[in-house]
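Working notes, structure below.
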Amino acid sequence: MEKELAQQELARQEALSTEAGKLARLRTNGRQPIAFVRTYGCQQNVADGEKIKGLLKRMGFAFTQTAEDADFILFNTCAVREHAQERVFGNVGALKNIKRRNPSLIIAVCGCMTEQEQVAERLKKNFPFVDIVFGTHMIHRLPEMLYKVLKDSERVVLRGGEEGEILEGIPVLRDKTSRAWVTAMYGCDNFCSYCIVPYVRGREKSRDPSEILREVGSLVEEGYREITLLGQNVNSYGKNLPAGSEKINFAELLRRIDRLEGDFRIRFMTSHPKDASEELFEVMAGSRHIPHYIHLPFQSGNDRVLSEMNRRYNREQYLALIRKARELMPDISFTSDVIVGFPGESYEEFQDTLSLIREVGFTNLFTFIFSPREGTRAAKMEDPVSHEEKTKWFAELLKVQESCAAQICRKMVGNTYRVLIEDRNEKSGLLSGRTESSHIIEFPGEDSLIGRFARVKATEGKSFLLRGELQKAE
Ligand code: SAM
Ligand code: SF4
Ligand code: F3S
């Protein structure tokens with residue numbers, strides 16, 4: 001029944017999409033309306049941004065990279081750190097001047113920021129030129145929201161509403177032609193004590209495996225070469241599947257995708273160490289399409305801090321996972337996320353993070369200084385270490401990581417790797433691609449190679465980046 005209601009709702013939105021499209025064109029005196037969509041934050045938000053663009057395209061919009069040229073501006077926001085959030089407020093504020101010059105402009109703010117009560121209030125009160133505010137569970141209703149604003153010139157605020165079914169069949173306009181994002185599961189139930197995500201993305205919901213397989217299969221047929229399965233905690237896939245779905249876990253989902261024919265890679269992110277199973281590593285080791293690479297955030301190398309973070313694993317358990325993965329895949333590479341300066345972390349405890357980095361040897365690290373997020377448990381904890389001090393620790397960590405990553409890169413020099421060529425680096429003028437281990441490798445070559453696999457020999461190794469020369473295009 002719920003599925004039926006979901007389909008009815010999508011059909012209603014499709015009908016409204018035609019009406020909104022007509023009104024948008026009237027507003028631009030018959031010219032094709034133009035949208036500017038800016039996405040902040042993680043891949044999940046990027047995937048949402050592609051749905052938003054899909055919906056806008058269906059309404060008849062074209063797209064621009066310049067906000068000033070647009071008839072509709074949308075900011076798809078991220079709330080994970082305070083600093084980034086304040087920057088978004090600054091950027092939204094700057095739209096006031098564009099609206100002054102072009103009063104028929106429509107402005108929308110959506111994404112994780114708007115799911116916080118205080119942010120929605122601030123947008124309503126201090127940013128009267130923002131016409132539409134909507135939350136992460138309301139994307140499919142964009143046609144209805146635009147229709148209302150275009151017809152009645154009233155502000156629309158739509159938030160909450162995470163209870164319903166996962167909506168399948170929202171159109172997607174993908175940014176890239178060789179790499180695609182496929183959501184495997186939504187939300188997060190982990191409530192790490194520092195993190196806002198469970199509050200703004202809601203509870204975990206897994207997609208029906210047959211829907212995922214169908215989407216991946218058609219992407220492969222369309223010629224996509226790399227498909228990344230997404231979820232804040234993607235390897236807990238399988239809990240909270242829709243009623244009537246076959247009950248499978250993440251390892252089994254990967255196993256089934258791996259059976260699809262074609263020349264493609266499957267990546268997945270983000271995996272939580274507490275849900276990383278031996279079965280998952282076995283599937284990876286025996287697969288045809290899954291690179292021997294995993295992004296496995298550890299956050300801290302100290303047991304007390306990990307426990308305060310509510311990560312539900314300890315240092316030894318994390319290191320045991322790394323050992324198990326290496327035993328099954330000796331060439332596996334790891335990347336990770338780490339937080340410096342969690343409330344109450346001492347310098348000695350921080351040293352445990354450095355020793356873990358040295359012990360594992362990560363290809364790359366995404367490093368963050370702790371940022372208190374209103375509503376989370378860690379925001380209320382005593383935090384005696386100054387930001388200045390944390391910045392010093394942060395610099396120390398970067399140095400350690402740089403030297404570990406450089407060592408890994410140097411060992412790769414002289415070998416030839418299979419690389420998916422992604423684009424051209426504007427700065428260096430070189431083609432840029434990724435090895436299976438997720439190392440970026442740059443080398444001279446023709447544009448016609450973009451989106452293809454090639455054999456590339458590594459000739460020089462920097463801290464994370466390799467330079468190379470093309471051996472053979474495939
Ligand atoms: N779900 C993933 C996981 O569990 O690792 C990643 C989620 S989050 C979008 C990406 C990273 O942001 C986290 O791994 C964490 O390192 C960092 N992060 C989250 N909240 C933070 C905070 N309050 N301050 C600093 N970094 C934070
Ligand atoms: Fe945030 Fe933890 Fe969930 Fe990752 S697993 S999104 S860090 S609460
Ligand atoms: Fe940011 Fe939301 Fe992703 S808070 S990191 S965009 S889930």
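Both counts, for ligands and for their atoms, begin at 1 and track the order of listing. Note that the coordinates shown come from a computational prediction; the quantities given were computed from them, not determined experimentally. By convention here, the first residue in the shown sequence is residue 1.
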Phe268-Phe250 aromatic ring centre distance below 6.0 Å: yes
Per-residue contact class, Phe191 against ligand 2 - non-hydrogen pairs under 4.0 Å: backbone
Donor-acceptor contact below 3.5 Å, side chain Arg265 vs main chain Arg225: no
Cys188 and ligand 2 - part of the residue with a heavy-atom distance under 4.0 Å: side chain
Short side-chain donor-acceptor distance under 3.5 Å, Asn302 and Glu348: no
Which residue and heavy atom of the protein sit nearest atom 25 (C) of ligand 1, plus the separation: Ile369 O, 3.5 Å
Test item: side-chain donor near acceptor, Glu204 and Gln232, under 3.5 Å: no
Nearest neighbour in protein (non-hydrogen) for atom 8 (S) of ligand 1: Val80 CG2, 4.2 Å
Cation-aromatic face contact Arg122/Phe89, 6.0 Å, 45 degrees: yes
Close approach of Ile339 to ligand 1, heavy atoms, under 4.0 angstrom: yes
Interfacing atoms of ligand 1 (cut-off 4.0 Å, heavy-atom, Arg373): 23 (N)
Pairwise distance CD(Gln407) to CZ(Arg358) - rounded to 0.5 angstrom: 11.0 Å
Salt bridge (Lys or Arg N to Asp or Glu O under 4.0 Å) assessment of Lys53 paired with Asp175: CA-CA 9 Å; Lys53 283 191 190 161; Asp175 290 338; 3.0 Å; yes
OG1-CD1 distance between Thr367 and Ile339, expressed to the nearest 0.5 angstrom: 11.0 Å
Minimum non-hydrogen distance to atom 1 (N) of ligand 1, winning option of Glu82, Gln232, Gln43: Gln232
Aromatic ring proximity Phe298/Phe362, centre distance under 6.0 Å: yes
Atom 16 (O) of ligand 1 - nearest protein heavy atom and its distance: Gln299 OE1, 2.8 Å
Ser371 N/O to ligand 1 N/O under 3.5 Å: yes
Ligand 1 contact on His295 by region, counting heavy-atom pairs under 4.0 Å: neither
Identity and separation of the nearest protein heavy atom to atom 5 (S) of ligand 2: Asn190 ND2, 3.3 Å
For atom 8 (S) of ligand 2, the protein heavy atom that lies nearest, with its residue and separation: Cys192 N, 3.4 Å
Per-atom contacts of ligand 2 with Gln232, taking only distances under 4.0 Å to non-hydrogen atoms: 6 (S)
Interfacing atoms of ligand 1 (cut-off 4.0 Å, heavy-atom, Phe370): 24 (N), 25 (C)
Within reach of ligand 2, part of Val197 (heavy-atom separation under 4.0 Å): side chain
Subset of ligand 1 atoms that lie under 4.0 Å from at least one heavy atom of Asp337: 10 (C), 11 (C), 13 (C), 14 (O), 16 (O)
Close-contact set for ligand 2 against His272 heavy atoms, below 4.0 Å: 5 (S)
Heavy atom of the protein closest to atom 21 (C) of ligand 1 (residue, atom name, distance): Tyr194 CD1, 3.7 Å
Nearest neighbour in protein (non-hydrogen) for atom 4 (O) of ligand 1: Arg311 NH1, 3.2 Å
Closer than 2.8 Å to atom 2 (Fe) of ligand 3 - protein N, O or S atoms, ordered by chain and residue number: Cys112 SG
Check ion pair Arg304-Glu349 (N to O, under 4.0 angstrom): yes
Protein heavy-atom partner closest to atom 18 (N) of ligand 1 - residue, atom, separation in Å: Arg81 NH1, 3.8 Å
Under-4.0 Å heavy-atom contact with ligand 1, by part of Phe368 that carries it: side chain
Donor-acceptor contact present, side-chain Tyr224 to main-chain Lys176, <3.5 Å: yes
Proximity flag His83 to ligand 1, non-hydrogen atoms under 4.0 Å: no
Nearest-contact summary for atom 5 (O) of ligand 1 - protein heavy atom, Å: Pro297 CG, 3.0 Å
Ligand 2 contact on Pro198 by region, counting heavy-atom pairs under 4.0 Å: side chain
Interatomic distance, Lys462 atom NZ to Glu402 atom CD [nearest 0.5 angstrom]: 11.5 Å
Which residue and heavy atom of the protein sit nearest atom 7 (S) of ligand 2, plus the separation: Tyr194 OH, 3.3 Å
Contact partition for Asn190 relative to ligand 1, non-hydrogen atoms under 4.0 Å: neither
Heavy-atom closest pair, residues Leu241 and Arg207: CD2-O, 3.4 Å
Step-by-step salt bridge (Lys or Arg N to Asp or Glu O under 4.0 Å) determination, Glu115 to Arg159: CA-CA 7 Å; Glu115 285 288 341; Arg159 297 166 56 242; 5.0 Å; no
Check against salt bridge (Lys or Arg N to Asp or Glu O under 4.0 Å), Asp189 and Arg203: CA-CA 6 Å; Asp189 286 352; Arg203 299 290 59 75; 2.9 Å; yes
Stepwise salt bridge (Lys or Arg N to Asp or Glu O under 4.0 Å) test for Arg377 and Glu308: CA-CA 9 Å; Arg377 206 151 58 73; Glu308 287 294 301; 5.2 Å; no
Under 3.5 Å donor-acceptor, Lys51 side chain and Val172 backbone: no
Main-chain N/O of Thr77 paired to Asn45 side chain as donor or acceptor, under 3.5 Å: yes
Atoms of ligand 1 close to Thr270 [distance to a heavy atom under 4.0 angstrom, numbered from 1]: 2 (C), 3 (C), 5 (O)
Donor-acceptor pair, side chain of Arg312 and main chain of Ser307, under 3.5 angstrom: no
Contact check, Gln43 vs ligand 3, heavy-atom distance below 4.0 Å: no
Proximal ligand 2 atoms for Cys195, defined as those under 4.0 Å from one of its heavy atoms: 1 (Fe), 6 (S), 7 (S), 8 (S)
Thr66 (side chain) donor-acceptor with Asp69 (main chain) under 3.5 angstrom: no
Heavy-atom gap Arg311 to ligand 2 smaller than 4.0 Å: yes
Aromatic contact, Tyr417 with His439 (centres under 6.0 Å): no
Ile196 heavy atom under 4.0 Å from ligand 1: no
Heavy atom of the protein closest to atom 7 (S) of ligand 3 (residue, atom name, distance): Gln232 NE2, 3.2 Å
Donor-acceptor under 3.5 Å (Gln13 side chain, Glu144 main chain): yes
